[in-house]
Amino acid sequence: MRKMILDCDPGHDDAVAIILVGNNPEFELLGITVESGNQTLKKTGRNALNLVQFLELDVPVCLGATNPIIKEVEICDAIHGESGLDGFDFPELKIDFDSRHAVDFIIQSVMNSTEKITMVTTGPMTNLALAIRMEPRILDNIEEVVLMGGSFQNGNVTPAAEFNVYCDPEAAHIVFNSNVKVTMVGLDVTRKVLTYPAIIERMEKVNNHVSDMFVKLMKVFNENQKRVFGFEGSPLHDPVTIAYLIDPTLLEVVFVHCDIDISHSTSYGRTNCDIFDYLKLEKNIYVAKDIDVKKFWNIIEDSLKRY
Ligand code: RIB
Ligand code: CA
């Protein structure tokens, strides 16, 4: 089993990442750590608790950074709504957060583990970056970091930058320069897995309480993406990270030099991936270039069916 910590900012697509990892026998999910991003920490934290309770997961949820390391919080309520997870009415919350701060949880879990831990981040990388700065020795016991974020093409918040990296470029800079194995699952592939109505109809046929939640959340996600971007289906960004760990053949990945633009120019927060190796700089990041879309939706459907 792969030991994993999922760091996220639920978020509709983060919710699907939690669905995927929550009951997969290949993973030992040690904990879910949360930060601000799609919404404020108060809301992303509550959303994570609601999901853990609804999915009946025996997993600690630890609150983390309220703000990025340097920048102020920039939420994404246009897409994820006032609650950060609009579209589904969860039952009354009966569980509470773990008392440990997310950064302490990451440090303690990694330092005390007899096996290496995989860090998956699907929000801004603030918690992981702070953990690396507070206790750099965790890098010796992290198998790899798989993140949803960045793009070697266009951004989705500015022409240059993708939301998770744009929220906290300095955090991404710390992680990308930490010499741990980093696999970047960016917009280049996540924009190819779109929750078209036909996909929603397919998942509705699974006909259990989790597929019902998936359908209701995706319908609101679609409405918001249509209004903001004109998309007929929403890019289901975050679960691509987990799907890749379930089946590494899902993605075509290339090893390149990549650095984060922290220059405060109009490219602030860009993941500068040297896909064609123009600069002949030392390669440091694995970047997803393509995705098997059919395989992805099969993984989503299989995961929903297991609940
Ligand atoms: O740019 C997409 C990312 O930003 C996803 O993780 C989504 O949840 C938002 O956090
Ligand atoms: Ca997210």
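Computed over heavy atoms, backbone and side chain alike; hydrogens, waters and symmetry mates excluded. Just follow the structure's listing: the first ligand is 1, and inside any ligand the first atom is 1.
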Legend entry - Pair N47-T44, side-chain donor/acceptor within less than 3.5 Å: no
Run through all N or O atoms in ligand 1 and write down each protein N or O closer than 3.5 Å, as a pair with its distance.
residue, atom, partner, partner atom, Å
ligand 1, 1 (O), N156, ND2, 2.9
ligand 1, 1 (O), E162, OE2, 2.5
ligand 1, 4 (O), N164, OD1, 3.3
ligand 1, 6 (O), T122, O, 2.9
ligand 1, 6 (O), N164, ND2, 2.9
ligand 1, 6 (O), D238, OD1, 2.6
ligand 1, 6 (O), D238, OD2, 3.1
ligand 1, 8 (O), D13, OD1, 2.6
ligand 1, 8 (O), D13, OD2, 3.1
ligand 1, 8 (O), D14, OD1, 3.0
ligand 1, 8 (O), N38, ND2, 3.0
ligand 1, 8 (O), D238, OD2, 3.1
ligand 1, 10 (O), D9, OD1, 3.4
ligand 1, 10 (O), D9, OD2, 3.1
ligand 1, 10 (O), N38, OD1, 3.1
ligand 1, 10 (O), N38, ND2, 3.3
ligand 1, 10 (O), N164, OD1, 3.0

Inset, instruction - Check the hydrophobic clustering (I, L, V, M, F, W, Y; side-chain heavy atoms under 4.5 Å; chains of links allowed) and say if V182 and M119 are grouped together. - result: yes
Inset, instruction - Take atom CG of D89 as the centre, draw a 6.0 Å sphere, and report whether it contains more than 12 heavy atoms from other residues, nucleotides or ligands. - result: no
Inset, instruction - Could you tell me whether the side chain of R270 and the main chain of A160 form a donor-acceptor pair under 3.5 Å? - result: yes
Legend entry - Pairs where residues 209-220 contributes a residue and the test side-chain hydrogen bond (donor to acceptor under 3.5 Å, both in side chains) is met, not counting sequence neighbours: N208-S211, D212-K216
Legend entry - Exercise: do D7 and T33 side chains pair donor with acceptor under 3.5 Å: yes
Legend entry - Residues E144, K116: salt bridge by 4.0 Å N-O rule: no
Between side-chain atoms of residues 17-32 and protein atoms elsewhere (two or more places apart, or another chain), which donor-acceptor pairs fall under 3.5 Å?
residue, atom, partner, partner atom, Å
N23, ND2, R306, O, 3.3
N24, OD1, E26, N, 2.8

Legend entry - Metal site the Ca ion (ligand 2), protein N/O/S atoms found under 3.0 Å: 5
Inset, instruction - Using the side-chain hydrogen bond (donor to acceptor under 3.5 Å, both in side chains) rule, take N222 and T195 through it: C-alpha gap first, then chi angles, then the decisive distance, then the call. - result: CA-CA 7 Å; N222 277 4; T195 55; 2.6 Å; yes
